[in-house]
Protein chains: 2
Amino acid sequence: MKGTIINIGDEILIGQIVNTNASWMAEELNKSGIAVDRVETISDTREAIIESLALAIERSKLILITGGLGPTKDDITKQALADYFGMELKFHEPSFSNIQQLFAQYGRVPDDRYRTQAEMPEGAKVLINKAGTASGMWFEHEGKIIVSMPGVPREVKYLMEYEILPKLKMQFEFPTIMHYTLNITGKGETDLADLLEGFEEKLPSNIKLAYLPNTMTGIVRLRLSAYGEDAIVLETQLDHYVRKLPPILGSLIFGEQKDTLESVIGKMLLKRNYTLGTAESCTGGNIAHKITSVAGCSTYYESSIIAYSNTVKRNLLGVQEATLEEHGAVSEQTVIEMARGTQKLLNVNCAIAVSGIAGPTGGSTEKPIGTIWIAVTENEKIYTEKLQLGKDRIQNIERTTTIALNLLRRFLLDDLSEVSE
Amino acid sequence: MKGTIINIGDEILIGQIVNTNASWMAEELNKSGIAVDRVETISDTREAIIESLALAIERSKLILITGGLGPTKDDITKQALADYFGMELKFHEPSFSNIQQLFAQYGRVPDDRYRTQAEMPEGAKVLINKAGTASGMWFEHEGKIIVSMPGVPREVKYLMEYEILPKLKMQFEFPTIMHYTLNITGKGETDLADLLEGFEEKLPSNIKLAYLPNTMTGIVRLRLSAYGEDAIVLETQLDHYVRKLPPILGSLIFGEQKDTLESVIGKMLLKRNYTLGTAESCTGGNIAHKITSVAGCSTYYESSIIAYSNTVKRNLLGVQEATLEEHGAVSEQTVIEMARGTQKLLNVNCAIAVSGIAGPTGGSTEKPIGTIWIAVTENEKIYTEKLQLGKDRIQNIERTTTIALNLLRRFLLDDLSEVSE
């Protein structure tokens, strides 16, 4: 089964936003066995919508449309679709009551514009959108399925997961596809491909290996997909190949499926009954932000001191004046003292301390931009590492965050030798 | 002049990468007065390339194609284009010598595959690509311009900046497009549309207003675009309408063009010679992360205490045991003491303190999930606000971050009345 994705919206065409919906949708559809063979981004004009729709209907069996369903005047997708399919818009009670419920959460009542937003083409299946005020619409036309949904990524995800993919699976027989993802950090896509050359060569033709790198964070998802008929056969086969990976990749693998570094560390800390504190200079709270994105982290996560200034490093964390003067704020000795100071101040088992030059200014010949020191501790044991990253501030912050969390993980696994202070 | 962008590559269609080329190219073309009215992502098959190309030539005057020019077997764009235009491929000396120079930088010599890569369609203008081994190609056909370039973002940028945009500017007179963006928070898209109804009705037909909301952070970008011939006329006209917005929207506008809340606050603090510290409970470092994403923030940003536990609230920030017992950690009294404690501990002029229940667990009847207290201070003055947000943890963290930063901004502007402690 082939599908087309049509994203409606001028904000992509003038380059104001990047089209993340298309990638996410394409990945989900592929996982379900639906190949996407075209993604179109078009402007929110009636002519463009109708032209693309007519061509897509000729070409594909499934057309997924995002965008242009908001309550404002420039949102014209619904009217264009209703006209194309010769349907009348009619007030749709369940859509309006969904809007009322969403408003009620904030103690508010929707105004008349939302009555218009709750008008739906008579004859379309309405997909109630619990993540937003615009309902989705499901049309069937000349044996083709056309689905329209809003453009907000969170709403796209809700409607795809809870409405569209389940309905597609009920209506069609798809080849069975099973996926298994291993999450990796510490090596890039090319190095991983070298390590896995022999493994890849021996894969049967119904099993595919995909590298899904995030170059910003330095995390690579390695996805094995098995295609076939029988779910039990595929599961056994997939399991057979998944098991071959840990002996090759070792501790480069930090988790599987939806694991994140921060959720994995959370589980490790809970299991050991450990508490964690962090002291961040150049990452400016991003490590704390990741750790606290895990629900329930308050059991093991005590606090972070964002030590942007030397004053804070000295007064709160107890870094010695002499250390700062002799070695500088970006040095092994400073991060060791920051980590020890964090353990003492917060009375925690484990600490992560980071100090570095994120850029774009602040570098020197001796310590260029991208020089970053990290220390991690487990009770009395300590490990340090120096990074030499690039010149991009945001990438330096993201990569350092990944590396620091990964060092704590590996240190807790005894995968790194402690250093002497 | 209207343009179409065609991105060739399966990695977008299976969701492996996000199409950043399209956004970047669209933004550059728009700035030069070329409206992009369609972006297509297609698979790297001959049929798809030729079908899209034929349709695009019917529709647009300019077609920019990326991808499929590498040295491997699955790169078939060049051959497809040569066939389409009835041209022969012929070895192109300057392209090969460019490849040799690129290899020489790493002390290497290109193999025979690269002689094939240096074959170019006879009759096309060849665009030498100093950022990579694949040359670009410029075709003119039935009064249309078709340009093909590689898909690597760095190479796209090189060829666009140094070859394609300059050639286009020499060859054509462009209609002019000018954009102006105002950045807003405090009201959603719908409420803004209400406020701007009268304004929108009076806009001439060559000026368009677009709402670009980020529902995660609660920030809306409001973009005015003027279309016409004469840059000076348009600038005056755009300016005329931009000036009408502040009287309507007041302090809802926090910045213009590429301003962010954190960059605006940074400038305000610098101007007042103020320092800032933050104490975050439920936002877990996200406020610090935003503030420190601004280069140069170390001048005014001292530190953040991520006070996840009551111990840290008490021991570091000096929140009284009695306050926590009587009012709880999520209370006006607690955030007041957190803010005052931050000012004292870090010796800063301004503080932001946040305490709340981000979810998905931890709520009670009295204080449901989404209950969040914020305090902001400017020297001895203090302002507090209670939020009642939804149930989504990540959205609660993002929205609270936006609201807290915005409260500090408005408090510094004397747009909020202080409260008594």
Side-chain angles (χ1 to χ4, degrees), chain A residues 10-20 22-27 30 36-43 48 70-74 105-107 113 152 154 210 212 284-289 291-293 295-296 298 301-309 311-312 316 346 360-361 393-394 397, chain B residues 12-20 22-28 30 36-43 48 179 189-190 193 200 210-212 215-216 223 284-289 291-293 295-296 298 301-309 311-312 316 345-346 360-361 388 390 393-394 397:
Chain A
D10 280 346
E11 58 277 22
I12 298 167
L13 295 175
I14 69 156
Q16 202 145 22
I17 63 165
V18 171
N19 191 353
T20 54
S23 302
W24 183 86
M25 290 167 75
E27 189 177 355
N30 268 279
V36 174
D37 69 348
R38 181 176 294 258
V39 176
E40 290 188 12
T41 306
I42 58 172
S43 69
T72 57
K73 271 202 296 187
D74 55 343
Q105 285 178 22
Y106 302 95
R113 234 161 353 159
V152 180
R154 199 169 40 92
L212 309 165
N286 199 41
I287 297 176
H289 172 54
I291 295 171
T292 58
S293 69
S298 57
Y301 189 53
E302 198 67 25
S303 171
S304 178
I305 308 298
I306 314 300
Y308 229 67
S309 69
T311 322
V312 171
L316 270 183
L346 302 174
T361 56
R393 179 180 183 83
I394 303 297
I397 291 174
Chain B
I12 297 167
L13 295 174
I14 68 160
Q16 199 148 24
I17 61 164
V18 171
N19 190 353
T20 54
S23 302
W24 184 85
M25 291 168 74
E27 191 175 356
E28 291 303 308
N30 267 277
V36 174
D37 70 347
R38 182 176 295 257
V39 176
E40 290 188 13
T41 307
I42 58 172
S43 68
H179 304 283
E189 186 184 358
T190 319
E200 270 198 83
Y211 297 84
L212 308 166
T215 53
M216 196 49 91
R223 192 185 65 225
N286 199 42
I287 296 177
H289 171 55
I291 294 170
T292 58
S293 68
S298 55
Y301 189 51
E302 199 66 26
S303 169
S304 179
I305 309 297
I306 313 300
Y308 230 66
S309 69
T311 322
V312 171
L316 270 183
L345 181 72
L346 303 174
T361 57
Q388 192 57 60
R393 180 180 182 84
I394 304 296
I397 291 174

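Because only heavy atoms are used, hydrogens play no part in the values below, and waters and symmetry mates are left out as well, while side chains stay in. Per chain, numbering begins at 1; letters A, B, ... match sequence-line order.
Only the side chain of B/L345 comes within contact range of chain A, judged by heavy atoms closer than 4.5 Å. Residue contact with chain B, scored on non-hydrogen atoms closer than 4.5 Å, involves the backbone and the side chain of A/V36 alike. When heavy atoms are compared at a cutoff of 4.5 Å, B/M216 approaches chain A solely by way of its side chain, counted from C-beta outward. The contact between A/L13 and chain B is made by backbone and side chain atoms together, counting heavy-atom distances below 4.5 Å. For A/N286, the parts lying under 4.5 angstrom from a heavy atom of chain B are both the backbone and the side chain. Residue contact with chain B, scored on non-hydrogen atoms closer than 4.5 Å, involves the side chain of A/I397 exclusively. Both the backbone and the side chain of B/I14 come within contact range of chain A, judged by heavy atoms closer than 4.5 Å.
Comparing B/R393, B/E200, B/E27, B/E189 by heavy-atom pairs within less than 4.5 Å of chain A, the highest count is held by B/R393. When each of B/S298, B/S23, B/A307, B/S293 is scored by its heavy-atom pairs under 4.5 Å with chain A, the top score falls to B/S23. Comparing B/A210, B/A288, B/A22 by how many heavy-atom pairs each has under 4.5 Å with chain A, the most go to B/A288. For the set B/N19, B/T361, B/T311, B/L212, the entry with the most heavy-atom pairs within less than 4.5 Å of chain A is B/L212. With respect to chain A, the highest number of heavy-atom pairs below 4.5 Å among B/I42, B/I287, B/T190, B/T20 belongs to B/T190.
Partners of B/E28 under the salt bridge (Lys or Arg N to Asp or Glu O under 4.0 Å) rule, at least two apart in sequence or in another chain, are B/K31. Under the salt bridge (Lys or Arg N to Asp or Glu O under 4.0 Å) criterion, A/R113 pairs with A/D111, B/D194, sequence neighbours left out.
Heavy-atom minimum distance, B/H289 versus A/G285: CB-C, 4.2 Å. Considering all non-hydrogen atoms of both residues, A/L346 and B/V312 come closest at CD2-CG2, 3.7 Å. Scanning all heavy atoms of the two residues, the minimum distance from B/Y308 to A/Y301 falls at CB-O, 3.8 Å.
Side-chain contact between B/R223 and A/D10 is present, with at least one heavy-atom pair separated by less than 4.5 Å. A heavy-atom distance below 4.5 Å is found between the side chains of B/L316 and A/I305.
Under a 3.5 Å cut-off, the side chain of B/T41 and the backbone N or O of A/R38 do not form any donor-acceptor pair. When atom types are taken as modelled, the side chain of B/S303 and the backbone of A/I306 share a donor-acceptor pair closer than 3.5 angstrom.
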Apply side-chain contact (heavy atoms from CB on, under 4.5 Å) to B/V39 and A/E40, showing your working. CA-CA 6 Å; B/V39 176; A/E40 290 188 12; over 6 Å; no
